[in-house]
J.: 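Sharing a structure below in structure tokens format, with a few things to ask.
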Amino acid sequence: MPYNYQKIEDYWQRYWSENKLFRTETPSQKPKYYILDMFPYPSGAGLHVGHPLGYIATDILSRYKRHQGFNVLHPMGWDAFGLPAEQYAIETGQHPAVTTEKNIKTYKKQLDRLGFSFDWEREVNTSEPSYYKWTQWAFIEMFHHYYDEDKDKALPIKNLTEHFSKNGSSGIQANHNEHDAFTKEEWQFFSEQKKEEILQCYRIAYQADLPVNWCAKLGTVLANDEVSNGLSVRGGHPVEQKIMKQWSLRISAYAERLLQGLEKIEWSESIKEMQRNWIGKSKGAEVDFLLETNEKLRIFTTRPDTIFGVTFMVLAPESEWVIKLTTSEQKAEVEKYIKWTKSRTERERQAEAKNVTGIFTGSYAIHPFTKKKIPIWIADYVLGGYGTGAIMAVPAHDSRDHAFAKTFKLPIVPVVSGEHDYESTALETHEGSAINSEFLNNLSTKEAIEKACERIENDKLGVRTTNYRLRDAIFSRQRFWGEPFPVYYKNEIPHTLSLSELPLVLPEVDKYLPTEEGEPPLARAKSWKTKEGYLYEYSTMPGFAGSSAYYLRYMDPKNASAIASKENIDYWGAVDLYLGGSEHATGHLIYARFWCMFLHDIGLVPFTEPFKKLINQGMIQGRSNLIYRMKKNPKTYVSKSYVSKGEVKEEDVQKIHVDVNLVQNDFLDVAAYKKSKPDLKDADFQTESHDGKEAFLCDWAVEKMSKSLFNVVNPDAVCEQYGADTLRLFEMFLGPLEQSKPWNTSGIDGVHRFLHKLWRWLHDDTDADKISTTENSAKPEDWKLLHQTIQKITQDMDSLNFNTCVSQFMICVNQFSASKVKEKSFIETFLILLSPFAPHMAEELWHRLGHTTSVTKQSWPKVDKKWLVESEMKIVVQVNGKLRAQFMCDINATEAEIFEKALALPEVIKQLENKELKKKIYVPKKLVNLVVV
RNA sequence: GCCCACGUGGUGGAACUGGUAGACACGCAUGGCUUAGAACCAUGUGCCGCAAGGUGUGGGGGUUCGAGUCCCUCCGUGGGCACCA
């Protein structure tokens, strides 16, 4: 009876799904375990073998946890809003929902083939109105809350309006955008518009004129994490800075909590570090420099200790001080410069970062301590959006200030001790002491910062502050395929819909392009208005909106009155293990944390961190195959001569990618390759001799897995050839989960061989469809290995070392098949251990032992220590640290006995000639080392 | 430039708290079975050496009876940030 993986896998997949064996029950008396994969965007290309890596890992863990008696939530869904479907819609007129649905079907089919234990009844789809109703709801909640810095949480906006009508704007401790102060009387008489304008400065979801990343090619604005090097992450189109009225989320209010929260979650250090950088906390002081006009120019610095080294000041070009401080003589030049900086795209600005540019305003500030006159310059290396948009320049100790000073021949005054050539570079150090700095002299940098801050505060020159780099998240996109805002405008004032009016469904449009007036595609829906005839917001929400709280929806996916019921949220709690790519470090993973903290503040969720533990699975890279083609000669125009790798004489060839599916172990299937391209009919393939056979050998390279490099391997093809169990085992065997590694099929046969061997172990050559068992056929060494395996697999499972688990199974099958173990309970134990990895195989064999199904069996094997007790121990003898000999010894031997035995060894005697002896015995856990010094 | 992670055979990778480095697999070699191949089985395989032996976890140094593992330093690879004052 051969191992027919196709029949077996089809049968059990159908059995599991028809009997709904993976349905997750809530509530339950069992302890919970929530394992989540980052849900995919269902693209048109379908899955390649890299995608399932993480899903296989989580599936193994889910099955393991179920065997251990946990109630496991292991769902799957679709991050269905996104650009490709919309782009496709623009080109073909096909509604994105239609394409998306089609793609989801393909994905689901591909996933199901791998035997995953998802509870498909909990499937979510972010583009379905019943789902995005709750995305819209969360937005409305954010709109109606503000961030109270006293309570350090979001509070209803009603509290704020009450405060305003009692006290005006004074005394409020809240994260807000700049606005003029007002009294309670003024508040009374403000118009509706004016009141709303003020409130927008506080709302967590607010509208404001902000500098945004505008991508003309995509026709939309982008968030900071969607832009890289001045180009859009999706598509790589240029991005420019532009002031636009946009919806934003006040994520910056949560900066400190987002930073602190990292301390209590189990994430990889690198992701935490990325988030820390992204949040960018820096402590320092704001200091006022008096101007000749008696106004105060406020700057931010992290190095107040270097204040005596200030030789000039710099304003950002967009600073409001620019106009005030530019003298009439300098006006023309300054205007020219400002105009020039505005004309540059973000990309140009970054590319030319090394070129120092700037212009003198003509004005001077007064140094707060030395009272010297300090010139004020304008330069675009100072950013308007950070700190106060103005700096004190200390060229001796800041490389940017140094470069500027050198370019414009400004003085450089060292104020930190240390030998240094100030003509060439700045001395950027925290390890020195202050010099040339009056009251700071001789203090270490740390002390000097402290002292300077003290003095600044005492003299009322400024205050200590903390700045964060984290900016509020721009939340509008001028696109069609996204969640509509539950917002309409009445006298230009935004109003939100009520919960009963949700979901606000995407309207039908004739085209998916912006209108001729440049309005977003939704403006094409002419009749899209509220009952009262008010217009809706035409922007849609960005990609991260739908993915920020999807883990809550899985807990209660069909709930019509809440994103999930209170009981379900309380029962499931935070995600225990979250698995996905590290590319979401500063996007989704920050937004989801923020979103969760907000939902916590409003009392919906009891936890503040959504993902307790995060694992980033590595990417599976493609392994491309390349063949060599002779360079075309002038006569034939196109060369049709191809050369096997070993026969290549360099320089006269070029490399060409070939489809990896036509290559086996780097040997090209020449006939198939010729067939695949009509123009190769009469091509010539120069083979080489390999094992006495002529073959055509290809070269290879590790690259991204991509269609254009012909290195995409489809999991369906692997399932076809080897079966899902082999694919699962192989992907785990490939290497540690978190590491990136190339897809190299040369090892897959080894794994497949293992499954065959396992099958042959339990099946004699007969055609029986039952496994015949015999009692007492397992020898003590078999039991020992089995229990060692239980111990190892359990440990490795908990630490997610799946690759070593596979190796352990191979060791087992080698030994068990050699000693022909046929004991029923023995086999059963082994099958349970194996079932998370190769569920179909385990299930089939389990069935052949006379049982129904193993997947719901809550009995993870326990280690029986009696098999692991050692009667002997291995003694290693070392002489001066070098290994000389080893011997076995009774476990209860005394040190004296061991020592005596060691000295009797011929190797030791030889080593000890002419040496003095000093007895020393070390007894660590496993080995006993006798060391003779 | 700054921050983080990593560096072990021909290859992917094992090695828990410092305790015989190289498990397991691929590849390779030899032999068996076979008309032949595939599959399967057995044995070997870090490097140098016929051997005894020596040497060996990116380089150098340190701690230790003992270091792949801990500390310092240099080199290399991968990732992130990049005018954030």
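Per chain, numbering begins at 1; letters A, B, ... match sequence-line order. Note that the structure is a prediction, hence the values are computed from the model and not measured.
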J.: With distance as the sole criterion, is a donor-acceptor pair present between the side chains of A:N467 and A:S282 under 3.5 Å?
T.: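 A:N467 vs A:S282: no donor-acceptor pair found between side chains.
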J.: Say we look at B:C2 and B:U20: how far apart would their P atoms be, to the nearest angstrom?
T.: 40 Å
J.: So which nucleotide does B:A14 pair with, by the Watson-Crick or G-U wobble rule with both distances under 3.5 Å?
T.: none
J.: Could you check how far CD of A:E738 sits from C1' of B:G78, rounded to whole Å?
T.: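 That distance rounds to 15 Å.
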J.: Within this structure, what is the CG-CG distance for the pair A:L210 and A:D472, rounded to the nearest 0.5 Å?
T.: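 Rounded to the nearest 0.5 Å, the CG-CG separation comes out at 7.5 Å.
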J.: Would you say A:Y386 reaches B:A85's phosphate, i.e. side-chain N/O to OP1/OP2 under 4.0 Å?
T.: yes
J.: Between atom CD1 in A:I793 and atom C1' in B:A14, what is the gap in whole Å?
T.: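 The distance from CD1 of A:I793 to C1' of B:A14 comes to 14 Å, rounded to the nearest Å.
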J.: Just name whichever nucleotide pairs with B:U20, Watson-Crick or G-U, keeping both distances under 3.5 Å, else none.
T.: none
J.: Looking only at atom C1', what distance separates B:G37 and B:C33, rounded to whole Å?
T.: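 Nearest-Å result for B:G37 against B:C33 at atom C1': 13 Å.
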J.: Rounding to an integer number of angstrom, what distance separates B:C3 and B:U73 when you compare their P atoms?
T.: 12 Å
J.: Under the salt bridge (charged side-chain N to carboxylate O under 4.0 Å, His left out) criterion, do A:K296 and A:E286 qualify, and how do the steps go?
T.: CA-CA 12 Å; A:K296 287 170 177 171; A:E286 286 185 1; over 6 Å; no
J.: Expressed in whole Å, how much space separates the C1' atoms belonging to B:A21 and B:A67?
T.: 11 Å
J.: Taking B:C75 as the reference, what is the distance to B:A82 when you measure between their C1' atoms (whole Å, please)?
T.: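 Roughly 24 Å separates the two C1' atoms.
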J.: Could you tell me how far B:C41 sits from B:A5 if I compare only their C1' atoms? Round to whole Å.
T.: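 Their C1' atoms lie roughly 44 Å apart.
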J.: Need to verify one output field. Residue with the more 5' nearest nucleotide on RNA chain B, A:Y381 or A:P742?
T.: A:P742
J.: Taking pairing as Watson-Crick or G-U wobble with both contacts under 3.5 Å, can you name the mate of B:C2, or confirm there isn't one?
T.: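 Paired with B:G80.
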J.: In the strands shown, is B:U64 matched to any nucleotide by a Watson-Crick or G-U wobble pair with both distances under 3.5 Å, and which?
T.: none
J.: With a 6.0 Å cut-off on ring centres, are A:F809 and A:F837 close enough?
T.: yes
J.: Remember a base hit wins even if backbone is also touched, and classify A:P736 as base, sugar-phosphate or nothing at under 4.0 Å, heavy atoms.
T.: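 Sugar-phosphate, no base atom in range.
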J.: Would you mind reading off the distance between A:N277 atom CG and B:G79 atom C1', rounded to a whole angstrom?
T.: 12 Å
J.: Flag the pair A:F312 / A:F404 as yes when their ring centroid distance falls below 6.0 Å, and as no otherwise.
T.: yes
J.: Between A:N803 (side chain only) and A:L734 (backbone N and O only), is there a donor and an acceptor less than 3.5 Å apart?
T.: no
J.: Quick check with a 6.0 Å cut-off and a 45 degree axis cone: is A:R753 positioned over the face of A:W759's six-membered ring?
T.: no
J.: For B:G49, decide between syn and anti, treating a glycosidic angle within 90° of 0 as syn.
T.: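 In terms of base orientation relative to the sugar, B:G49 is anti.
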J.: Given atom CD1 of A:I449 and atom P of B:A85, what is their separation to the nearest angstrom?
T.: 12 Å
J.: Which part of the nucleic acid does A:V382 contact within heavy-atom distance under 4.0 Å: base, sugar-phosphate only, or nothing?
T.: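 It contacts base atoms.
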J.: If B:U57 has a Watson-Crick or G-U wobble mate with both distances under 3.5 Å, name it; if not, just say none.
T.: none
J.: Pairing donors with acceptors under 3.5 angstrom, does anything connect the side chains of A:T425 and A:H420?
T.: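 Yes, side-chain donor-acceptor contact under 3.5 Å.
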J.: Quick one: CG on A:L262 to CD1 on A:I590, what's the gap to the nearest 0.5 Å?
T.: 7.5 Å
J.: In the strands shown, is B:A38 matched to any nucleotide by a Watson-Crick or G-U wobble pair with both distances under 3.5 Å, and which?
T.: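 Here B:A38 is not engaged in any pair, so there is no nucleotide opposite it.
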J.: Ring centroids only, cut at 6.0 angstrom: are A:Y3 and A:H763 within range, meaning strictly under it?
T.: no
J.: Using a cut-off of strictly less than 4.0 Å, decide whether A:S740 has a side-chain nitrogen or oxygen near OP1 or OP2 of B:G78.
T.: no
J.: For A:N467 and A:E428, find the nucleotide of RNA chain B closest to each by heavy atoms; which residue's nucleotide sits nearer the 5' end?
T.: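 The residue mapped nearer the 5' terminus is A:E428.
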J.: Say whether A:T357 and A:Y337, considering side chains only, have a donor N or O and an acceptor N or O under 3.5 Å apart.
T.: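 A donor-acceptor contact under 3.5 Å links the two side chains.
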J.: Polar pairs (N or O, both sides) under 3.5 Å between protein and nucleotides 22-26 of chain B?
T.:
| from | atom 1 | to | atom 2 | distance (Å) |
| --- | --- | --- | --- | --- |
| B:A25 | OP1 | A:N814 | ND2 | 3.3 |
| B:C26 | OP1 | A:R753 | NH1 | 2.7 |
| B:C26 | O2' | A:S746 | O | 3.4 |

J.: Nearest to the side chain of A:K741 - B:G79, B:C83, B:G13?
T.: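 Nearest to the side-chain atoms of A:K741, counting from C-beta on, is B:G13.
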J.: If we call it a pair only when both distances are under 3.5 Å in a Watson-Crick or G-U wobble match, what pairs with B:G27?
T.: B:U45
J.: With no hydrogens and no angle check, just 3.5 Å: does a side-chain donor-acceptor pair link A:N801 and A:T804?
T.: no
J.: Give me the distance, rounded to whole Å, that separates B:C72 from B:G12 when you measure between the C1' atoms they each carry.
T.: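 Looking at atom C1' only, B:C72 and B:G12 are 32 Å apart.
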J.: Taking only heavy atoms on the protein side, list every residue of residues 302-315 of chain A lying under 4.0 Å from any atom of RNA chain B, sorted numerically.
T.: A:T302, A:R303
J.: Hydrogens and angles aside, do A:H752 and A:T726 bring a side-chain donor and acceptor to less than 3.5 Å of each other?
T.: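 A:H752 vs A:T726: donor-acceptor pair found between side chains.
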J.: Quantified in whole Å, what is the C1' atom distance between nucleotide B:G79 and nucleotide B:C28?
T.: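 That atom pair is separated by 35 Å.
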J.: Quick one: A:H402 NE2 to B:A85 C1', roughly how many Å, whole number?
T.: 16 Å
J.: For nucleotides 6-8 of chain B, give me every protein contact, N/O to N/O, under 3.5 Å, one pair per line with atom names.
T.:
none

J.: Does a side-chain heavy-atom distance below 4.5 Å link A:F289 with A:R298?
T.: no
J.: Any idea how A:W761 and A:F816 line up, ring-wise: parallel (<30°), tilted (30 to 60°), or perpendicular (>60°)?
T.: tilted
J.: Have a look at A:S282 and say if it touches a base, only the backbone sugar-phosphate, or nothing, with a 4.0 Å heavy-atom cut-off.
T.: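 Sugar-phosphate, no base atom in range.
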J.: Round to the nearest Å and state the distance from A:Q621 atom CD to B:G79 atom C1'.
T.: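 Computing the A:Q621:CD to B:G79:C1' distance gives 12 Å.
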J.: Counting only side-chain nitrogens and oxygens, does A:K757 get under 4.0 Å of the OP1 or OP2 atom of B:C41?
T.: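 Answer is yes, contact under 4.0 Å.
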J.: Could you state the atom-to-atom distance from CG of A:N616 to P of B:C4 in whole Å?
T.: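 Interatomic distance, CG of A:N616 to P of B:C4: 18 Å.
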J.: Take the protein atom CZ of A:R469 and the nucleotide atom C1' of B:C3, then report the distance between them rounded to whole Å.
T.: 11 Å
